[in-house]
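If you read the sequence from its start, that first residue is 1, and numbering goes on from there.
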Amino acid sequence: MALIDYIPRFLRDIDEFTALFSALDIEILNAESFLKKLMDGQFIFYCDEEYLRIFEKALGIESYKISEEKRREKIILKFNEKLPYTVFRLKESLSAICGEENYSLFLIYDEYRLILRILNKDDDVLRQCGELLERMIPANIKTDTIIFNTHEVVGKFKHSYLSGFTHSEIYSKIL
């Protein structure tokens with residue numbers, strides 16, 4: 001409802017009031033849009049580019065020129081990291097990044113060794129897994145990360161190219 005509708009009818013015909021209230025209506029609309037942007041900026045799913053940059057700067061995240069959806073996922077993952085870093089929390093984080101069925105984690109306690117097997121996804125998923133391991137794994141634990149290629153990944157290459165690799169290299173090497 002316009003502001004001019006709030007004054008008595010006999011004052012609505014005066015040009016000064018009409019000009020004043022139409023200018024105030026514009027300012028109120030600007031304030032409403034600013035407040036909406038401010039309110040949406042609090043929530044990662046609704047915020048715009050400016051607030052995404054603020055979240056990334058505050059959390060120390062580099063975006064690597066990825067889509068907004070991936071940026072939002074990285075921010076949410078960073079917020080969901082909780083201390084203490086345990087195997088359970090590591091598995092939770094890996095499930096969020098890769099999906100539960102796309103990785104396997106083995107701990108060899110007497111050798112202080114962790115083996116992570118990941119189905120080959122896009123480079124961003126592999127980068128996120130590497131950053132996660134770097135943050136969560138203690139320095140005295142040796143980490144072996146093995147990347148497995150799926151048929152979708154290997155099927156893009158010609159047989160003549162793949163003949164230069166062994167079966168295990170095709171299965172576990174980034175092509």
Side-chain angles (χ1 to χ4, degrees), residues 1-105 116 118-138 143 145 147-153 155-156 174-175:
M1 191 171 198
L3 282 178
I4 200 153
D5 295 334
Y6 289 102
I7 63 171
R9 290 190 193 279
F10 68 91
L11 295 175
R12 292 181 192 171
D13 295 332
I14 300 172
D15 292 337
E16 288 83 3
F17 283 124
T18 307
L20 175 69
F21 286 122
S22 61
L24 286 174
D25 284 338
I26 293 169
E27 290 300 318
I28 288 173
L29 286 175
N30 289 341
E32 284 176 350
S33 66
F34 175 75
L35 285 174
K36 181 178 178 355
K37 181 179 174 183
L38 190 64
M39 295 300 284
D40 288 346
Q42 298 178 53
F43 303 101
I44 298 166
F45 290 111
Y46 303 114
C47 66
D48 62 358
E49 178 73 26
E50 178 184 355
Y51 284 97
L52 278 178
R53 272 189 266 117
I54 291 170
F55 278 121
E56 289 172 339
K57 185 177 179 183
L59 296 171
I61 297 173
E62 294 183 28
S63 63
Y64 299 109
K65 296 182 182 180
I66 54 178
S67 68
E68 265 191 30
E69 181 182 330
K70 291 283 188 182
R71 291 172 66 191
R72 291 178 201 279
E73 287 176 13
K74 287 179 88 168
I75 292 168
I76 290 169
L77 285 171
K78 187 76 168 187
F79 271 123
N80 287 336
E81 285 181 8
K82 302 172 193 145
L83 290 173
Y85 291 146
T86 61
V87 174
F88 179 75
R89 297 259 192 249
L90 178 63
K91 287 181 180 181
E92 272 185 343
S93 298
L94 286 170
S95 294
I97 295 171
C98 303
E100 250 180 80
E101 64 281 344
N102 296 326
Y103 79 94
S104 58
L105 184 70
L116 174 64
I118 306 170
L119 283 178
N120 191 359
K121 295 280 194 173
D122 60 353
D123 290 338
D124 189 51
V125 169
L126 298 176
R127 186 181 305 112
Q128 285 182 9
C129 287
E131 291 171 357
L132 178 73
L133 290 177
E134 195 174 296
R135 279 191 310 274
M136 292 184 77
I137 304 299
T143 306
T145 305
I147 300 160
F148 291 100
N149 290 316
T150 61
H151 184 269
E152 293 171 16
V153 174
K156 296 175 187 174
I174 296 180
L175 299 173

[Y] backbone acceptor or donor facing [X] side chain under 3.5 Å:
| X | Y | value |
| --- | --- | --- |
| Arg72 | Cys47 | yes |
| Arg12 | Thr18 | no |
| Lys74 | Glu62 | yes |

| request: Go through the steps for Lys78 and Arg135 under the test side chain to side chain contact (heavy atoms under 4.5 Å, CB included), then give the verdict. | output: CA-CA 11 Å; Lys78 187 76 168 187; Arg135 279 191 310 274; 3.8 Å; yes
Closest approach of [X] to [Y] (non-hydrogen atoms, all atoms of both residues):
| X | Y | result |
| --- | --- | --- |
| Ile61 | Ile75 | CD1-CA, 3.9 Å |
| Cys98 | Asn102 | O-ND2, 2.7 Å |
| Tyr103 | Ser95 | OH-OG, 3.2 Å |

Within the structure provided, determine whether [X] and [Y] are in side-chain contact (heavy-atom separation under 4.5 Å).
| X | Y | answer |
| --- | --- | --- |
| Leu77 | Leu132 | no |
| Leu59 | Phe79 | yes |
| Met39 | Tyr46 | no |
| Leu90 | Ile137 | yes |
| Glu69 | Glu73 | yes |
| Ile4 | Ser22 | no |

| said: Can you tell whether the side chains of Glu68 and Arg71 come within less than 4.0 Å, N to carboxylate O? | reply: no
| Within 6.0 Å of CD in Glu100, more than 12 heavy atoms from elsewhere | no
| said: Students often mix this up, so state it plainly: with edges at 30° and 60°, are the rings of Phe17 and Phe21 parallel, tilted or perpendicular? | reply: parallel
| request: Could you grab the distance from atom SG of Cys129 to atom CD1 of Ile118, nearest 0.5 Å is fine? | output: 4.0 Å
